[in-house]
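Working notes, beginning with the structure itself.
Values in this document were obtained by computation on a predicted structure and should not be read as measured data. All chains are named by letter (A, B, ...) in the order of the sequence lines, taking the proteins before the strands, and each is independently numbered beginning at 1.
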Number of protein chains: 2
Amino acid sequence: MSDPTSRDKLIRTASNLFRQKGYSGVGLSELLKEAGLPKGSLYYHFPNGKQELAEAATRWAGAWLERLLDATFAQAESFNEGALMVCDAIATEVTSQTHVPACPVLSILQAAPLEPRLQITAQEVYGSWTKCIEKHAKRLGHARPDDAAFSLHCQLQGAWVIAYAQQSNAAFTQLARELRTKF
Amino acid sequence: MSDPTSRDKLIRTASNLFRQKGYSGVGLSELLKEAGLPKGSLYYHFPNGKQELAEAATRWAGAWLERLLDATFAQAESFNEGALMVCDAIATEVTSQTHVPACPVLSILQAAPLEPRLQITAQEVYGSWTKCIEKHAKRLGHARPDDAAFSLHCQLQGAWVIAYAQQSNAAFTQLARELRTKF
DNA sequence: GCGCCATTGGACCGATTGGTCTATTGCTTG
DNA sequence: CAAGCAATAGACCAATCGGTCCAATGGCGC
């Protein structure tokens with residue numbers, strides 16, 4: 001079995017950089033310098049190069065957010081309370097770094113016209129998130145789980161875009177305030 | 001006074017391409033080929049090159065959306081009705097092309113870490129939109145115009161991201177359905 | 001018709017891009 | 001110790017990047 005640290009470091013570094021500057025805005029040389037690895041390592045672990053790495057990084061970050069959703073909703077006693085807690089959780093994660101990073105899926109989305117695989121990846125990860133939220137909505141007895149899931153996902157995406165633009169978590173704070181009035 | 005057609009064509013082409021592939025994803029050669037203009041024209045009209053063109057394109061598209069907001073809300077008799085109509089209007093605009101384009105501001109946002117001016121531009125255009133929505137909310141007698149403006153802007157951004165990812169206006173349709181239940 | 005100036009056309013530049021290829025390293029297993 | 005393979009290291013490549021520069025063009029005022 002291969003030592004996961006190198007592959008992992010590539011994925012982690014790629015995810016961070018892509019979320020800051022977007023897929024096309026990050027060069028391999030910069031990425032590899034940041035990861036402290038030579039080009040050979042990249043093409044050994046990801047024979048299809050940048051695109052394959054981006055796909056892996058997106059799925060990895062997607063799974064991370066899904067774990068965050070599960071862990072947060074697990075503590076909630078109602079869907080609205082869970083939604084509020086998720087909003088806070090993402091706000092905290094996003095502000096824990098010097099640069100407010102974009103949604104990991106969004107960061108590769110603009111490269112989708114050039115790299116068809118990334119389009120599919122983005123759709124799958126988004127779909128997975130919505131399904132995950134829907135699952136919790138159902139569990140917590142929401143009347144319309146699918147509507148609730150779309151609505152929350154949509155609001156979170158919107159707040160994330162605005163937070164990224166403003167480089168501040170104010171949008172998440174505002175969204176949290178709005179969600180708080182609902183229950 | 002300079003003939004506006006060349007400068008205009010550059011702005012228009014830039015806006016279209018950036019909204020498809022993002023700022024970093026579009027090369028000058030591709031852009032100029034699409035616009036049917038030589039490099040000399042670009043650097044004559046925009047001495048600071050790509051970044052200045054992107055700024056102009058974003059402000060131009062920003063003003064376009066603001067006109068759309070004004071025109072749509074002008075026909076509404078309540079804020080919620082206006083919000084619903086705006087959602088429909090953007091959905092229509094977005095689906096009128098073969099490729100569903102991203103929000104024009106979003107398309108340059110990922111280049112902000114590299115080009116500080118674009119960060120400022122993005123913030124100003126977003127702020128301008130929110131102010132515009134707030135103005136109509138106030139006019140139509142909404143109790144909390146600023147909250148209403150943020151909430152709608154946030155939802156529209158979220159739906160736009162999802163629509164861009166899915167290359168379909170389904171997200172706008174869904175958002176419209178949600179807004180319809182509110183009044 | 002002449003001169004002027006806004007604008008176009010495109011050759012050219014160094015830097016950087018993503019990707020390929022091969023030599024070398026170093027651990028693991030027999 | 002030796003063989004073999006996983007993994008690293010980085011030189012090298014053609015293509016493209018954004019940007020500079022200057023000659024050619026063309027319409028308008030004199």
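- Scanning for salt bridge (charged side-chain N to carboxylate O under 4.0 Å, His left out) contacts around A/Glu124 gives A/Arg59, with sequence neighbours left out.
- Ion pairing between a basic and an acidic side chain is recognised when a charged N comes within 4.0 Å of a carboxylate O; B/Glu115 and B/Lys50 show no such pairing.
- Residues from residues 11-20 of chain B with heavy atoms under 4.0 angstrom of DNA chain C: there are none.
- Using cut-offs of 30° and 60° on the angle between ring planes, the pair B/His153 and B/Tyr126 is perpendicular.
- Taking B/Asp70 as the reference, B/Lys135, B/His136 meet the side chain to side chain donor-acceptor pair (under 3.5 Å) condition, with sequence neighbours excluded.
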Throw together a table of side-chain donor-acceptor distances under 3.5 angstrom for residues 101-112 of chain B, partners on residues two or more places apart or in other chains.
from     : atom 1 : to       : atom 2 : distance (Å)
B/Ser107 : OG     : B/Pro104 : O      : 2.6
B/Gln110 : NE2    : A/Leu106 : O      : 3.4

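- The CZ-P distance, from A/Phe46 to C/dT20, rounds to 16 Å in whole Å.
- Look at A/Asp147 and B/Arg177 and you find a salt bridge, because one of the NZ, NE, NH1 or NH2 atoms lies within 4.0 Å of a carboxylate O, short of that distance.
- Taking 4.0 angstrom as the limit, B/Ser6 places a side-chain polar atom (N or O) nearer than this to OP1 or OP2 of C/dT8.
- Within the structure, a side-chain polar atom (N or O) of A/His45 is placed less than 4.0 Å from OP1 or OP2 of D/dT8.
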Exercise. What does nucleotides 16-22 of chain D look like as a protein-contact string, B for base, S for sugar-phosphate only, - for none, at under 4.0 angstrom between heavy atoms?
Worked result: -SBBB--
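- Pairing each heavy atom of A/Tyr164 with each of A/Val100, the nearest pair is CD1-O, 3.3 Å.
- Counting to the nearest Å, the P atom of C/dA6 and the CZ atom of B/Arg7 are 16 Å from each other.
- A straight line from CG of A/Leu32 to C1' of D/dT8 spans 12 Å, rounded to a whole angstrom.
- Considering only side-chain N and O atoms, A/Ser41 lies under 4.0 angstrom from the phosphate OP1 or OP2 of D/dT8.
- For A/Phe46, the ring pair (Phe, Tyr, Trp, His ring centres under 6.0 Å) criterion is met by no residue, not counting sequence neighbours.
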